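What you see is a predicted model; the values in this text were computed from it and never measured. Positions are given from 1, in the same order as the sequence printed here.
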Amino acid sequence: MTLQQQIRANRFRTAYVVVAFLVLVVVVSAASAAFLGRPAAVLLLGAGLAYAVFAWWSAGSMIGALTHARPIAKRDDPELYRLIENVSIAAGLPATPPLYLIDDPAPNAFAAGARPSSVYVGVTSGLRRMMPPRELEAVLAHEVSHIRNRDVSLMTLAAVLVGVVAMVSDMAFRMAFWGGRGGNRNPVQIISAIVALILAPLAAILLQAALSRRREFLADASAAAILNDPEAMALALRLLQIDTSEVAYADRATAHLFIESPTRAVRGPGSMLAGLFETHPPLGERIRALEEAGGFRLPPLSPASPA
């Protein structure tokens, strides 16, 4: 499958996932109506939509605050800016996205921002120090690929919808606990509503994780195509694979934006159940995909290194 075919296929999958998210919102609203009554459900849905608009509009600044990222000027790091300018030109972006720096020794990077005018690329100080120029350029190309492929806006939308589903479900339970139960008091419907309100946030997280995992492979392939150097992308992922340190100011709310899972809490213990909630495919699988596409093989990891 060519890169353009992968992009088209991902767009179709994205449409299915977004529809699934909207179905979840409808399910949560219906469950709230059965549990609390229609007026309370309308109130909750209105609050959820208001939160969604606010979160979407301020997503970039919120993520910057959560990750402790600060903007840097070209004079602060001319070499880093030169690399992202080259990558942005090669990717066909209309403008070079601003750069943000996270003062953290763990190597990682992300792209954030809901709208084209607000997107930016963030890198940790650990990534800046650790990565040679070739591999660093590949990481920047990966993040620029997310911007070009509109993944950043999509993943921001997914995060907002997860927040809406979780907030409405939580508020429905709180209102029922403090204000009593309204609406249809049929026990079967009430039990079904409770189950829906419990399971909907988990389903939303699963959808978000699945969407993120698919797009990491595409961003790797896009970066390799932009640079015409799949080995550089594979080498960058190998360096991230070897270094297992965690980003201090990262959690599940922002993990899907990073080039790899920034904390062990997000990576999980490695079980099949935990793997369902992981926001990124294993780095080894991503490296193998690049090796197969590029017709090369990296040296095997030593036994003491992570798989």
Side-chain angles (χ1 to χ4, degrees), residues 1-14 59-60 63-64 69 71-74 77-102 107-124 127-128 131-158 211-237 239-240 256-260 280-281 286-287 289-290 293-294 296:
M1 183 181 292
T2 67
L3 181 59
Q4 291 304 316
Q5 288 173 327
Q6 290 183 52
I7 292 174
R8 283 195 295 271
N10 261 345
R11 286 175 180 168
F12 283 116
R13 295 189 192 105
T14 296
I63 292 165
I72 58 173
K74 188 172 184 177
D77 195 334
E79 182 183 0
L80 187 63
Y81 257 93
R82 179 182 60 80
L83 290 175
I84 196 170
E85 285 172 347
N86 292 343
V87 167
S88 299
I89 292 170
L93 292 188
T96 300
L99 279 171
Y100 279 55
L101 184 70
I102 305 172
N108 222 311
F110 70 91
R115 307 178 309 282
S117 60
S118 66
V119 294
Y120 60 88
V121 173
V123 300
T124 64
L127 182 89
R128 182 67 183 94
M131 288 279 175
R134 182 188 179 198
E135 287 81 354
L136 180 59
E137 187 176 41
V139 170
L140 294 174
H142 176 100
E143 300 307 331
V144 165
S145 294
H146 277 309
I147 295 173
R148 186 186 67 175
N149 297 342
R150 299 184 180 178
D151 293 345
V152 178
S153 297
L154 176 67
M155 293 311 301
T156 300
L157 175 62
L211 188 62
S212 178
R213 287 195 298 266
R214 288 182 182 278
R215 292 187 169 271
E216 290 307 315
F217 284 112
L218 180 57
D220 291 340
S222 297
I226 289 170
L227 300 177
N228 195 25
D229 190 1
E231 188 178 43
M233 189 70 249
L235 288 169
L237 295 179
L239 290 174
L240 295 174
H256 63 287
L257 298 172
F258 284 84
I259 190 171
E260 68 147 339
H280 295 66
R286 293 166 63 182
I287 292 170
L290 289 164
F296 63 90

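In this structure, H256 and E216 have side chains that are not in contact, with every pair of non-hydrogen atoms separated by 4.5 Å or more. The side-chain heavy atoms of L80 and I72, taken from C-beta on, include a pair separated by under 4.5 Å. The closest side-chain heavy-atom distance from R148 to I226 is below 4.5 Å. Between M131 and L240 the shortest side-chain heavy-atom distance falls below 4.5 Å. No side-chain heavy atom of N108 sits under 4.5 Å from any side-chain heavy atom of V123. With contacts defined as side-chain heavy-atom distances shorter than 4.5 Å, the pair Y81/L99 qualifies. Here the side chains of V121 and F110 are not in contact, with every heavy-atom distance at 4.5 Å or above. You'll find the side chain of L290 reaches within 4.5 Å of the side chain of L237, heavy atoms only.
We find that R134 and E231 are joined by a salt bridge, their nearest charged nitrogen and carboxylate oxygen being less than 4.0 Å apart. One finds a salt bridge joining R128 and E79 here, because a Lys/Arg side-chain nitrogen approaches an Asp/Glu carboxylate oxygen to under 4.0 Å.
For the atom pair CG of D220 and CZ of R215, the computed distance is 13.5 Å after rounding to the nearest 0.5 Å. Between atom CG of residue L239 and atom CG of residue L127 there is a gap of 9.0 Å, rounded to the nearest 0.5 Å. Here the CG atom belonging to L257 is positioned 6.0 Å from the OG1 atom belonging to T156, to the nearest 0.5 angstrom. To the nearest 0.5 Å, the span separating OG on S222 from CE on M233 amounts to 11.0 Å.
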